[in-house]
Amino acid sequence: MELEVKTLGGGAAGSITVSDEIFGLEPRADLIQRVVRWQLAKRQAGTHKTLGRSEVNGTTKKFVKQKGSGGARHGNRKAPQFRGGGKAFGPVVRSHAIDLPKKVRALGLKHALSAKAAAGHLIIVEDAKAAEAKTKSVKGQLETLGLNNVLIIDGKEVDANFGIASRNIPLVDVLPVQGINVYDILRRDTLVLTKAAVTALEERF
């Protein structure tokens, strides 16, 4: 597959041939959904916690006669049905992470990239660099390309000036190629890859 290469200023910079095995697949929503679910489950804090009946403060002394009160039989004020008692089957601190094979994760990323390419929401740029760390100039360049909701993937390292200038622009994310992931690709309308990022992805797969 051959894609046009642009500069950040909106000019043409030739073309690049990309692998059909990464950018030319028929997108499968089920694979992409599995990877997104795995990502979101893994990043849940899981720190929610309530106190059970063995953890709350309270007496275990029998507070009402076994018979003759006309009410139910009770022996512990820490039971869940009483005010101040422990929570029955409440949440506990745990990991929400689920298992997903590496091959499925890799395939999900390929299908996410292919989905952007198929929808025409993939742009290849020569590089993502800024002469100075000025948000106004980077924002102007992105507007020239018609980008206002975008994920930009650079090579192994993000240009320092470009990273600083872009981090204050709403709906614009910049990541190095090793940070590319399915969820971030899907949450932005357009995906922008530098030539260095394309090369690194093809080496990775």
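All values derive from a computational prediction rather than experimental measurement. All values below come from the heavy atoms of this structure, side chains included, with hydrogens, waters and symmetry mates left out.
No more than 12 heavy-atom neighbours from other residues, nucleotides or ligands sit within 6.0 angstrom of CD on Glu26. Within 6.0 Å of atom CD in Glu202, more than 12 heavy atoms from other residues, nucleotides or ligands are found, so the atom counts as buried in its surroundings. At most 12 non-hydrogen atoms from other residues, nucleotides or ligands lie less than 6.0 angstrom from NZ of Lys42. Summarising the local packing, CG of Asp30 is surrounded by more than 12 heavy atoms from other residues, nucleotides or ligands at distances under 6.0 Å. The number of heavy-atom neighbours closer than 6.0 Å to CZ of Arg37, taken from other residues, nucleotides and ligands shown, is 12 or below. Other residues, nucleotides and ligands contribute only 12 or fewer heavy atoms inside 6.0 Å of the NZ atom of Lys139. Within a 6.0 Å radius of CD in Glu157, other residues, nucleotides and ligands contribute 12 heavy atoms or fewer. Within a 6.0 Å radius of NZ in Lys49, other residues, nucleotides and ligands contribute more than 12 heavy atoms.
Note that CG of Asn168 is 14.5 Å distant from NZ of Lys136, once rounded to the nearest 0.5 Å. Taking NZ from Lys78 and CG from Asn57, the interatomic distance works out to 7.5 Å, rounded to the nearest 0.5 Å.
No chain of hydrophobic side-chain contacts below 4.5 Å, direct or via other Ile, Leu, Val, Met, Phe, Trp or Tyr residues, connects Ile164 to Ile153. Hydrophobic clustering (side-chain heavy atoms under 4.5 Å, transitive across Ile, Leu, Val, Met, Phe, Trp, Tyr) keeps Ile123 apart from Ile16. In terms of hydrophobic clustering, with Ile, Leu, Val, Met, Phe, Trp and Tyr side chains grouped at heavy-atom distances under 4.5 Å, Val125 and Met1 are assigned to different clusters. In the hydrophobic cluster analysis, where Ile, Leu, Val, Met, Phe, Trp and Tyr join through side-chain heavy atoms closer than 4.5 angstrom, Leu151 is grouped together with Leu109. Taken together through direct or relayed side-chain contacts under 4.5 Å among Ile, Leu, Val, Met, Phe, Trp and Tyr, Phe63 and Val56 form parts of separate hydrophobic clusters.
A heavy-atom distance below 4.5 Å is not found between the side chains of Lys87 and Leu51. In this structure, the side chains of Leu122 and Leu3 come closer than 4.5 Å at one or more pairs of heavy atoms. Using a 4.5 Å heavy-atom threshold, the side chains of His74 and Gln81 count as touching. No side-chain heavy atom of Lys103 sits less than 4.5 Å from a side-chain heavy atom of Leu107. Taking the side chain as every heavy atom from C-beta outward, Lys129 and Phe162 never approach each other to under 4.5 Å. Leu186 has its side chain within reach of Val182: a pair of non-hydrogen atoms, C-beta onward, lies under 4.5 Å apart. Between Val150 and Leu191, every side-chain heavy-atom pair lies at or beyond the 4.5 Å cut-off. Here the side chains of His121 and Asp189 are not in contact, with every heavy-atom distance at 4.5 Å or above.
A donor-acceptor contact shorter than 3.5 Å is absent between the side chain of Lys110 and the backbone of Arg105. Although no hydrogens or angles enter the test, the distance criterion places no donor-acceptor pair under 3.5 Å between the side chain of His48 and the main chain of Pro91. Without hydrogens or angle criteria, Glu126 side chain to Ala13 main chain gives no donor-acceptor distance under 3.5 Å. Between the Ser15 side chain and the Val5 main chain, no donor and acceptor come within less than 3.5 Å of each other. One N or O on the side chain of Glu55 and one on the backbone of Gly52 form a donor-acceptor pair closer than 3.5 Å. No donor-acceptor pair closer than 3.5 Å links the side chain of Asn161 to the backbone N or O of Asp159.
Considering all non-hydrogen atoms of both residues, Lys156 and Gln178 come closest at O-NE2, 3.2 Å. Taking both residues in full, the closest heavy atoms of Val174 and Ser166 are given as CG2-OG, 3.2 Å, listed atom of the first, atom of the second, then distance. Taking all atoms of both residues into account, the shortest heavy-atom contact from Ala130 to Val138 is CB-CG2, 4.1 Å. Between Val36 and Tyr183, the closest heavy-atom pair is CG1-CD1, 4.0 Å. Contact detail for Ala133 and Ala165: the closest heavy-atom pair is C-CB, 4.0 Å. Of all non-hydrogen atoms in Val192 and Leu147, the two that sit nearest each other are CG2-CD1, 3.7 Å.
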**Message:** Leu175 vs Ile180, test: side chain to side chain contact (heavy atoms under 4.5 Å, CB included). Steps then yes/no.
**Reply:** CA-CA 7 Å; Leu175 292 173; Ile180 192 171; 5.8 Å; no
**Evaluation steps, side chain to side chain contact (heavy atoms under 4.5 Å, CB included), between Leu193 and Leu201** = CA-CA 10 Å; Leu193 298 175; Leu201 283 170; 4.2 Å; yes
**Request:** In sequence, state the C-alpha distance, the side-chain angles, and the governing distance for Thr135 and Arg167, and then conclude on side chain to side chain contact (heavy atoms under 4.5 Å, CB included).
**Result:** CA-CA 8 Å; Thr135 299; Arg167 69 187 178 191; over 6 Å; no
**Request:** Assess whether side chain to side chain contact (heavy atoms under 4.5 Å, CB included) is satisfied between Ile152 and Asp173, documenting all intermediate values.
**Result:** CA-CA 6 Å; Ile152 301 169; Asp173 297 328; over 6 Å; no
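No salt bridge links Asp127 with Lys195; every basic N to acidic carboxylate O contact stays at or beyond 4.0 Å.
Between the side chains of Asp154 and Thr194, a donor-acceptor pair is found at a separation under 3.5 Å. No side-chain donor from either of Asn148 and Glu143 sits under 3.5 Å from a side-chain acceptor of the other.
For an aromatic pair to be called close, the ring centres must be under 6.0 Å apart, and Phe23 with Phe205 fails this.
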